[in-house]
There are 2 protein chains.
Amino acid sequence: MDTKLEQLCVNTIRMLAIDGVQKANSGHPGMPMGTADMAFVLWTRFLKHNPANPSWPDRDRFVLSAGHGSMLLYSLLHLTGYDLPLDQLEQFRQWGSITPGHPEHGAAPGVETTTGPLGQGFANGVGMALAERMLAARFNRPGFSIVDHHTYCIVSDGDLMEGISHEAASLAGHLGLGKLIYLYDDNRITIEGSTDLTFSEDVSARFAAYGWHVAQADGHDRGSVAAAIRQAQAEAGRPSLIIARTHIGFGSPNKQDTAGVHGSPLGADEVRLTKEGMGWPVEPPFLIPDEALALFRDALDTGRAAEAEWGALLDRYAAEYPNLAAQWVQMTGGELPAGWEEALPEFTADDGPVATRAASGAVMEAIAPRLPTLAGGSADLHPSTKTYLKAYPAVRRDDFSGRNLHFGIREHGMAGILNGMALHGGWRPYGSTFLVFADYMRPSIRLAAMMELPIVYVFTHDSIAVGEDGPTHQPVEQLASLRAIPGLVVIRPADANETAAAWRVALHNVKGPTALALTRQKLPVLEGPAQVQRGAYVLADAPDPAVILVASGSEVHVALGARDLLKEKGIEARVVSMPSWELFAAQSPEYRDSVLLPAVPRLTVEAGVGMGWHQYAGDSGQVVSIDRFGASAPYQVNMGKFGFTAENVAAQAEALL
Amino acid sequence: MDTKLEQLCVNTIRMLAIDGVQKANSGHPGMPMGTADMAFVLWTRFLKHNPANPSWPDRDRFVLSAGHGSMLLYSLLHLTGYDLPLDQLEQFRQWGSITPGHPEHGAAPGVETTTGPLGQGFANGVGMALAERMLAARFNRPGFSIVDHHTYCIVSDGDLMEGISHEAASLAGHLGLGKLIYLYDDNRITIEGSTDLTFSEDVSARFAAYGWHVAQADGHDRGSVAAAIRQAQAEAGRPSLIIARTHIGFGSPNKQDTAGVHGSPLGADEVRLTKEGMGWPVEPPFLIPDEALALFRDALDTGRAAEAEWGALLDRYAAEYPNLAAQWVQMTGGELPAGWEEALPEFTADDGPVATRAASGAVMEAIAPRLPTLAGGSADLHPSTKTYLKAYPAVRRDDFSGRNLHFGIREHGMAGILNGMALHGGWRPYGSTFLVFADYMRPSIRLAAMMELPIVYVFTHDSIAVGEDGPTHQPVEQLASLRAIPGLVVIRPADANETAAAWRVALHNVKGPTALALTRQKLPVLEGPAQVQRGAYVLADAPDPAVILVASGSEVHVALGARDLLKEKGIEARVVSMPSWELFAAQSPEYRDSVLLPAVPRLTVEAGVGMGWHQYAGDSGQVVSIDRFGASAPYQVNMGKFGFTAENVAAQAEALL
C-alpha cells in the first residue's frame with residue numbers, strides 16, 4: 001500500500017477529530033490524534049465489518065473503551081461508509097446530533113457500546129468475546145464456522161487503572177478468550193499529568209499473570225501495529241493485549257505529550273500550527289481528501305462481499321443443519337420462543353413457605369429448556385442466589401457449550417460482561433449476587449439502563465432479614481438507589497407466584513434491564529393471581545377500607561397480618577402489594593387511583609429506607625421504614641426490633657386514623 | 001517456644017471459631033480454621049499492640065479483610081486480653097452483642113475497620129499505611145521515630161478478585177508502602193467451589209507487576225510464616241504480599257478443603273469429629289486451656305511495656321521539639337484548631353459569578369494552612385474538581401511530606417483508602433471526582449457512613465449542566481442515591497457562600513462522611529447569610545406567599561428567576577434554598593414548618609430524578625425533575641430543553657394555584 005496515501009488517511013482521522021473538537025469547543029482531541037495510526041491499521045486491514053449493515057451478526061466487534069476519544073470512532077464510521085453523514089461530525093456534542101460527547105450505543109450506527117466511564121468498554125469487550133465463543137460452541141460445525149469473529153478494543157491508561165479491568169481481564173484470561181484483541185494506547189498522560197504520578201505498574205507482566213498473550217508495538221509504526229495484530233490473531237488460546245506506545249496529541253507542535261491536549265480543544269492557533277506542521281490545508285475544516293475517502297470506502301465493497309460470503313455459508317448450513325439454523329434465527333432474532341410462558345410454574349399454599357430466591361431458582365430451572373438464550377451466573381454466590389441451571393454445564397475454557405457462568409467474586413466485572421453479552425446478541429444474560437452488592441455493579445447497571453439492554457439481575461438477600469451476617473450484608477438503601485436509576489425496572493415480589501410473574505415481566509422487558517429483589521427467608525404462598533405486571537394491585541380488600549397498607553416483598557405478609565389485627569378491632573384495611581414502582585407508574589391514573597384511593601389514609605411498609613415512599617403514603621399517611629443500617633441477629637429478631645411485625649404495623653395504621 | 005503449647009494455642013483459636021459458629025448456627029468456620037496458624041504467628045510474635053489500650057496511636061494496624069472470618073479476630077482479641085469477654089464470643093451474631101457476623105469498627109475494641117464486603121479491607125490497609133507514612137514524614141526526627149508501625153492484613157481469594165484490590169495494590173506499589181504486609185490466605189476455595197472455576201491468575205506475578213515484594217509460605221508451618229513476615233519487614237521499599245498456602249477448614253476430617261466449610265457451621269457431628277481428631281475435649285464448648293490463655297495474655301505485659309517505651313520517647317520528643325509535639329497532639333486528637341473558621345472566605349456579588357467547584361477550591365486553599373490534618377486528592381480530575389492544595393507538595397514514593405494525593409483513575413480504591421486514612425487517625429481526608437462517578441465508590445462510601453468516618457467527598461459536575469460530555473458524565477440519579485445512604489450528609493450548595501458554609505458543616509461533622517455536590521458552571525453569588533447548617537432556609541420571601549419554590553444548588557437561581565416572573569403576574573412566591581435534606585431533617589418540626597408552610601403549595605426544583613422530593617412538595621405540590629438520562633449539548637441548551645428555566649418553573653408554579 002502507498003505509504004503516502006496511508007499517511008494521508010491517518011491524518012484525515014486526526015484532522016476530523018481536531019476540527020470536531022475545535023468546532024464544539026469541547027472534547028478530547030489528543031486521544032484520536034495519538035491512536036489514529038493503530039485505528040487506521042485495524043480498520044482498514046483487519047476489521048471484518050460491513051458499514052452497509054452494522055447489525056451483521058458475524059461482524060467483528062470494535063469497542064472504544066476510551067470513550068472520550070469519540071471523534072476517532074465517529075471519523076472511522078463516517079470514513080468507512082456507515083450512515084453517519086459529515087454534517088453530524090460537524091454537529092459533534094450538540095443537542096439532537098447522533099455524535100454525543102461520548103459514544104452512545106443506539107445513536108450513530110456502528111457504535112457497539114456506550115463508553116466514557118472508564119473500564120466499562122474493557123469489560124463489555126470480554127462479554128462480547130464470551131458471547132461469541134458460547135454461540136460458536138452452540139452452532140459451529142465442521143466446515144461451518146458461522147460464528148467466528150474477533151472483538152477488538154482500544155483501551156487507555158484509565159481503563160487499565162480501573163478495578164473493573166482487573167476483574168474482566170482476570171476472567172478473560174481464565175477462560176482463554178483467544179479472539180479478544182485489545183490495543184492499549186500507552187500514551188503515559190492522564191488529566192492530572194504524566195502517568196508517573198500514579199501508574200508505575202508493569203502492565204505487560206500484569207496481563208501475562210492473568211494468562212494473556214502480550215505483544216509490544218510502536219503505535220505510530222503501522223507495520224509494527226499490523227505485525228502485533230497478526231500475532232494476536234494467531235494466538236488462539238489466550239486473549240491478547242497489544243501495548244502500543246503512542247504520543248497523545250501526535251502532531252501538535254506545542255501540546256503533544258501533554259495533559260493539555262487530553263480534554264481541551266487545541267485552540268485556533270494550535271490547530272493552524274498542527275495542520276501546517278503536517279502539510280494539511282488550514283482551511284476548510286472537516287476536509288476529507290478524495291483519495292483518502294476512496295481508500296476508506298473500500299470497506300463498503302469488502303464488507304458487502306464478506307457478509308455475502310457469510311450469508312452463502314449460512315444458506316449451506318441451513319440446508320445441512322435445518323434445526324440448528326432455525327435455532328440460530330430464533331436466538332439471534334431476540335424474540336422469545338412462542339409458548340415459553342407455559343413452563344412457568346404455579347405455586348400453591350400446599351407447597352409450604354418458599355423463599356422467593358428459591359422460587360426464582362425453580363422458575364429458572366423450569367423455563368431454561370424453553371429459552372435457549374437464557375445464560376448467566378453469579379459472582380460466587382449461586383448456592384445462595386439459586387441461579388445455577390442444573391440441567392446445563394458450566395462454561396469452561398475448554399468447553400463453551402454450557403449456560404452457567406462462574407464470574408468469581410467480581411460483581412462489577414460481571415455486570416460489565418453482561419452488558420457485552422447483551423450487546424453482542426444471541427443471549428438473554430442474567431447475573432446474580434446479594435442485593436447489597438448491587439453497589440459494586442452500579443456503574444455498569446447505569447449503562448445497561450442507558451443502553452436499554454434486556455438484562456436480568458437476580459439480587460437475593462434483600463433486607464435486614466438476611467439476619468446474622470449483619471449490616472454489611474443487609475441492604476437498606478439499595479432498593480431506593482436502584483429505583484433511582486432511570487429505565488431500570490425493579491421488582492420485589494411478595495411470594496413464589498409473584499416471583500414467577502416477575503420473571504415473566506423481566507423476560508418480556510426488552511427495552512431495558514430488570515432487577516429482581518428476592519428474599520433469603522421463606523414466605524407463605526399467596527392466593528389469587530399475581531398482578532406484578534401492574535406494579536401494584538389490591539391483594540386483600542375490604543368493602544369500605546379505613547386505611548390502606550401498601551407493602552412490597554416480605555413485608556406484604558406483615559401487612560396481611562396487620563390487616564387481621566385491625567379487623568379484630570373493627571378497622572377495615574385494604575392491603576396493596578406493590579412489587580414495582582416503575583410498572584405502577586406506567587399504569588393509567590385511573591388504575592392507580594383505584595388501587596391507592598386518594599381519599600383513604602395509607603401506610604407504606606418496606607424493610608428499607610423510606611425515601612420515595614412518601615409519594616404513595618401522601619401527606620396524611622405514614623412510612624414504615626428503616627432509616628439506619630441493620631444489625632447482626634437472627635432474622636426474626638431483626639424484623640421485630642425494627643418494627644416489621646403485624647402488631648407494630650397495625651398500631652401505626654391505627655394511629656393514622 | 002514449646003511447639004506443643006503453640007499447637008494448643010492455635011487449636012484454641014480454631015475451637016473458639018468452631019464453637020462460636022456452631023452455637024450461632026450461622027457463620028464461616030473454615031477461614032479461621034485455615035488461618036489460625038498464621039494469625040497466631042503474627043499476633044504472638046510480631047504484632048505491636050497493647051490490648052489494654054486499643055487506641056495507642058503507634059500500634060500496628062491489623063485488618064481482617066476477609067471479614068467473614070470474624071471469629072478469628074474475636075478469638076484473638078479475647079485471648080490476647082482486649083475488653084471482649086468470653087460471653088460475647090458465645091453471643092456471636094446475636095442482637096446487642098459486640099460480636100456481629102462481620103467485624104464492625106466501634107463494636108468490639110481492637111476492630112480496626114468494618115469488613116465483609118470483599119476487597120474493602122485490602123484498600124483500608126493501604127490507607128492506613130499511607131496515613132502512617134504521611135504522619136512519619138511530618139513528625140519523625142532523627143532518633144525519634146514516634147510514628148513507626150506496620151499495617152498487616154489477612155486477605156482472601158475474594159479480596160484479590162475484587163477490582164478494588166487491583167486499584168489499591170497498584171497505588172500501594174507505586175508509592176512503595178514498605179510497611180504494608182499482607183498475608184494471603186491461599187485456600188483455593190470459594191463459595192461456589194474450587195478457585196479453579198474462575199481464578200487462575202498468577203497472583204505472585206501480578207503483585208510483582210504492581211511493584212510489591214512477594215514471598216511464599218506454608219500457611220500451616222509457623223516457622224515458614226514467621227520467616228516470610230521477617231523477610232517482609234526487612235523489605236522497606238515495597239509493600240509485601242505473603243502467599244500462604246492453607247487448607248480451609250483445617251482439621252475437619254470430612255469438610256477440610258471443601259466449599260461446605262466456607263459459610264456454614266460444621267454441624268454437631270463434624271464438630272465432634274474435628275475435636276476428637278485434634279485431641280480436643282468435645283465438651284465443654286468455648287474451652288480455653290489455661291496455659292494457652294497465659295501465652296496469649298503475654299500480649300498485655302508486652303503491649304503495656306511497648307506503649308510505655310513509646311510514651312517515654314514521646315516525652316523526650318516533646319522536650320526536644322515542643323512545637324511538633326503540640327502539633328502531634330492537635331492532629332492525632334481529632335479536634336480542629338481554634339479559630340480555623342476565620343479563614344473561610346466570604347464572597348460577594350462583586351466577585352462575579354463563581355462555579356461552586358471553584359468556590360470550593362478557594363475555600364480549601366484558604367483553610368488548608370489552618371487545618372494541618374486536611375489532606376486528600378482526586379481520581380485524576382483535580383484540574384476539574386479544584387481540589388489540589390497548591391501551597392503544598394504532592395505525596396510521592398520518596399517524599400510523603402505533601403498533602404496532595406494523586407489517586408489515579410481509581411475511584412473505588414480512593415474511597416477505600418480514604419476510609420483507611422480516617423480510621424488510622426491524624427488526618428481529615430477528602431477525595432474528589434465527578435458526581436456521576438460516585439457510583440464507582442459506593443461500596444466504600446457505604447462503609448464510611450456505617451463507620452461514621454469524617455471524610456469529605458468533593459463531587460463536582462453535579463447535573464446535566466455538565467453539558468457536552470453527555471449522559472455518561474451527567475449525574476441524574478446520584479443525588480438521590482447518595483441521600484439514600486444512612487448517615488451520609490449530602491450538601492448541594494447554591495452559590496459560593498453556601499459552598500463555604502458547606503465546608504464548615506462538613507468539617508464540623510465528625511460523626512460521618514459528608515458529600516458536597518458542586519457545579520461545573522458559574523453561578524451568581526447570593527446575598528445574605530448562607531444557612532446551610534439548617535439544611536433549608538428562606539432565601540427570598542414574600543409577605544403572604546401563594547407558592548413556595550424549593551430548590552437546591554444551581555436551580556436556586558432558576559427559582560429566583562421564576563419568583564421574579566411570578567411577581568410580574570402578581571403572584572407572590574417564597575424561595576427556599578434546600579442544600580441538604582439530612583441537615584433539614586435534623587431541625588425541629590417548628591422550624592421545618594416555618595420554612596415550608598404546610599398550608600402553601602410547593603414546587604420543588606432540582607436537576608435530577610424526582611425521587612424523594614414528593615415529601616417536600618406534598619400532595620398539593622409538584623416536582624420539577626429529570627427522570628431520564630441527560631444529553632450531550634452545551635449546558636444552557638440542556639437546562640432549557642429539560643425545563644430548568646425561570647419561565648418553565650414559573651409556569652409550573654402558576655399551574656399549581
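In what follows, chains are A, B, ... by sequence order, proteins preceding strands, each numbered from 1.
- Proximity to chain B is limited to the side chain of A/Ser26, based on heavy atoms less than 4.5 angstrom apart.
- Note on B/Asp439, B/Thr190, B/Asp157: by heavy-atom pairs under 4.5 Å with chain A, the leading option is B/Asp439.
- For A/Phe92, no part sits under 4.5 Å from any heavy atom of chain B, backbone or side chain.
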Exercise. Start with the C-alpha gap between A/Ile485 and B/Phe629, add the side-chain angles, then the distance that decides, and say whether side-chain contact (heavy atoms from CB on, under 4.5 Å) holds.
Key: CA-CA 9 Å; A/Ile485 299 177; B/Phe629 292 110; 4.1 Å; yes
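- The two residues A/Ala24 and B/Glu468 make their nearest non-hydrogen contact at O-OE2, 4.4 Å.
- By number of non-hydrogen pairs under 4.5 angstrom with chain B, the leading residue of A/Gly408, A/Gly608, A/Ser200 is A/Ser200.
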Quiz item: Taking it one step at a time, do B/Met611 and A/Arg483 satisfy side-chain contact (heavy atoms from CB on, under 4.5 Å)?
Solution: CA-CA 8 Å; B/Met611 188 174 163; A/Arg483 288 173 182 144; 4.3 Å; yes
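- Looking at B/Pro117 and A/Val436, their side chains never come closer than 4.5 Å, going by heavy atoms from C-beta outward.
- Judged by distance alone, the side chain of A/Tyr440 and the main-chain N or O of B/Gly163 form no donor-acceptor pair under 3.5 Å.
- Counting only residues at least two apart or in different chains, side chain to side chain donor-acceptor pair (under 3.5 Å) contacts with residues 629-641 of chain A are absent.
- At a 4.5 Å heavy-atom cutoff, the contact between A/Val476 and chain B is made by backbone and side-chain atoms alike.
- Rounded to the nearest 0.5 Å, atoms OG1 (A/Thr198) and CZ (B/Arg396) are 14.0 Å apart.
- Using a 4.5 Å cut-off on side-chain heavy atoms (C-beta onward), A/His406 and B/Asp196 make no contact.
- For the salt bridge (charged side-chain N to carboxylate O under 4.0 Å, His left out) test, residues two or more places apart in sequence or in another chain that qualify with B/Arg446 are A/Glu477.
- For a residue to count as touching a neighbouring chain, one of its non-hydrogen atoms must lie under 4.5 Å from one of that chain's; by this rule A/Leu447 touches chain B with the side chain only.
- Between chain A and the options B/Met441, B/Arg628, B/Glu162, B/Gln120, heavy-atom pairs under 4.5 Å are most frequent for B/Glu162.
- Only the backbone of B/Asp627 comes within contact range of chain A, judged by heavy atoms closer than 4.5 Å.
- Atom CZ of B/Phe199 is separated from atom CG of A/Asp380 by 11.0 Å, given to the nearest 0.5 angstrom.
- Comparing A/Ser170, A/Gly470, A/Gly467, A/Gly211 by heavy-atom pairs within less than 4.5 Å of chain B, the highest count is held by A/Ser170.
- For A/Ala259, no part lies near chain B; criterion is any non-hydrogen pair under 4.5 Å.
- If you measure heavy-atom distances from A/Ser204 to chain B, you find no contacts under 4.5 Å at all.
- A distance of 5.5 Å separates CD1 of A/Ile409 from CG of B/Leu118, quoted to the nearest 0.5 Å.
- Chain B forms the most heavy-atom pairs under 4.5 Å with one residue out of A/His412, A/His68, A/Gln94, and that residue is A/Gln94.
- In this structure, no portion of A/Val623 lies under 4.5 Å from any heavy atom of chain B.
- The backbone N or O of B/Leu197 sits less than 3.5 Å from a side-chain atom of A/His174, completing a donor-acceptor pair.
- With rounding to the nearest 0.5 Å, the separation of CZ in A/Phe437 from CZ in B/Arg442 is 14.0 Å.
- For the pair A/Pro634 and B/Arg93, the minimum side-chain heavy-atom distance is 4.5 Å or more.
- Residue B/Tyr388: no heavy atom, backbone or side chain, is found under 4.5 Å from chain A.
- Proximity to chain A is limited to the backbone of B/Pro475, based on heavy atoms less than 4.5 angstrom apart.
- How far CG of A/Leu381 is from CD1 of B/Ile191: 4.5 Å, rounded to the nearest 0.5 Å.
- At a threshold of 4.5 Å between non-hydrogen side-chain atoms, the residues A/Glu167 and B/Met161 do not count as touching.
- Of all the listed residues (A/Gly193, A/Ser70, A/Ala633, A/Ala209), the one sharing the greatest number of non-hydrogen pairs under 4.5 Å with chain B is A/Ala209.
- Counting heavy-atom pairs under 4.5 Å between each of A/Gln478, A/Met450, A/His28 and chain B puts A/Met450 at the top.
- With B/His166 contributing its side chain and A/Ile164 its backbone, the two residues share no donor-acceptor pair below 3.5 Å.
- Between chain B and the options A/Ala617, A/Gly101, A/Ser165, the largest number of non-hydrogen pairs under 4.5 Å is found for A/Gly101.
- Contact record, B/Glu192 with A/Pro383: CG-CD, 3.9 Å, taken as the closest heavy-atom pair.
- To the nearest 0.5 angstrom, A/Trp212 atom CH2 is 13.0 Å from B/Glu201 atom CD.
- Using a distance-only test at 3.5 Å, with no hydrogens or angles considered, a donor-acceptor pair links the side chain of B/Asp619 to the main chain of A/Asp619.
- For B/Tyr616 and A/His614, the ring centers are positioned 6.0 Å apart or more.
- Ring planes of A/Phe642 and B/Trp95: perpendicular class, angle over 60° (limits at 30 and 60°).
- Using a 4.5 Å cut-off on side-chain heavy atoms (C-beta onward), A/Thr115 and B/Thr472 make no contact.
- For A/Trp613, no part sits under 4.5 Å from any heavy atom of chain B, backbone or side chain.
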